[in-house]
**Q** 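So that we are looking at the same thing, I have put the structure below in structure tokens.
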Amino acid sequence: MTQIHEGDVWEGQPRLFVELAYEACKRDPDGYQAAVFLMDGERSLWKWQQRYFPRAVPILDIFHVNERLWKAAYCFHAEQSRQAEDFV
């Protein structure tokens, strides 16, 4: 997402959130609509979401939730075990 224009580096994530904020303002200038952010586990995305959309509801996508559930399961049960599968 990061781009270089005439020698200047334009960082992708902040640019993306500026564009999202602009679009959100156009669509809902009075800020009445709830915003929902479905994101992966990249912490920097969550940081930018909090900065530009502090009232939005952040949601971790199911793929990444599933990945974390398996890690948690292996804290309590043996890997590849039926108990770990049941936990998840």
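These values consider heavy atoms only, across backbone and side chains, with no hydrogens, waters or symmetry-generated copies. Residue indices begin at 1 and follow the sequence shown.
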**Q** To the nearest 0.5 Å, tell me how far Phe37 CZ sits from Phe53 CZ.
**A**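 Result: 4.0 Å between the selected atoms.
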
**Q** Hey, could you give me the CG/CD distance between Asp61 and Glu67, rounded to the nearest 0.5 Å?
**A**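 Going from CG on Asp61 over to CD on Glu67, the span is 9.5 Å.
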
**Q** So, the side chain of Asp40 versus the backbone of Glu42: is there a donor-acceptor pair under 3.5 Å, distance only?
**A**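 Yes; at least one donor-acceptor contact below 3.5 Å.
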
**Q** How are the rings of Trp48 and Phe17 set relative to one another: parallel (under 30°), tilted (30 to 60°) or perpendicular (over 60°)?
**A**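 Trp48 vs Phe17 ring planes: parallel.
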
**Q** Is there a donor-acceptor contact under 3.5 Å from the side chain of Trp70 to the main chain of Val65?
**A**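 No, because the side chain of Trp70 does not come within donor-acceptor range (under 3.5 Å) of the backbone of Val65.
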
**Q** Are Leu20 and Val57 connected into the same hydrophobic cluster when the rule is that any two of I, L, V, M, F, W, Y join if their side-chain heavy atoms are below 4.5 Å apart?
**A**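 Per the 4.5 Å side-chain linkage, Val57 and Leu20 are not co-clustered.
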
**Q** Kindly give the heavy-atom pair with the smallest separation between Ala84 and His77, and that separation in Å.
**A**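 Taking every non-hydrogen atom into account, N-CB, 3.7 Å.
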
**Q** Side-chain heavy atoms nearer than 4.5 Å, only ILVMFWY residues, links allowed to pass through others: does that put Leu69 and Ile62 together?
**A**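 Same cluster.
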
**Q** What's the shortest heavy-atom distance between Pro58 and Met39, and which atoms?
**A**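 Smallest heavy-atom distance, with atoms named: CB-CE, 4.2 Å.
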
**Q** Could you check whether any side-chain heavy atom of Gln50 comes within less than 4.5 Å of a side-chain heavy atom of Trp46, counting everything from C-beta outward?
**A**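 The answer is no, as the side chains (C-beta and beyond) never meet within the 4.5 Å cut-off.
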
**Q** To the nearest 0.5 angstrom, please state how far the CG atom of Leu16 sits from the CD atom of Gln49.
**A**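 Answer rounded to 0.5 Å: 12.0 Å.
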
**Q** With side chains defined as the heavy atoms from C-beta onward, is the minimum distance between Arg68 and Leu60 less than 4.5 Å?
**A**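 Yes, close enough: below the 4.5 Å cut-off.
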
**Q** CZ/Arg82 to CZ/Phe87 distance, rounded to the nearest 0.5 angstrom?
**A**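 Nearest 0.5 Å value for the CZ-CZ distance: 15.0 Å.
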
**Q** What pair of heavy atoms forms the shortest contact from Ser44 to Gln13, and how long is it?
**A**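 Where Ser44 meets Gln13 most closely, the heavy atoms are OG-OE1, 2.7 Å.
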
**Q** To which residues is Tyr22 joined in a hydrophobic cluster, defined by side-chain heavy-atom contacts under 4.5 Å among Ile, Leu, Val, Met, Phe, Trp and Tyr, whether direct or through other members?
**A**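 ILVMFWY cluster around Tyr22 holds nothing else.
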
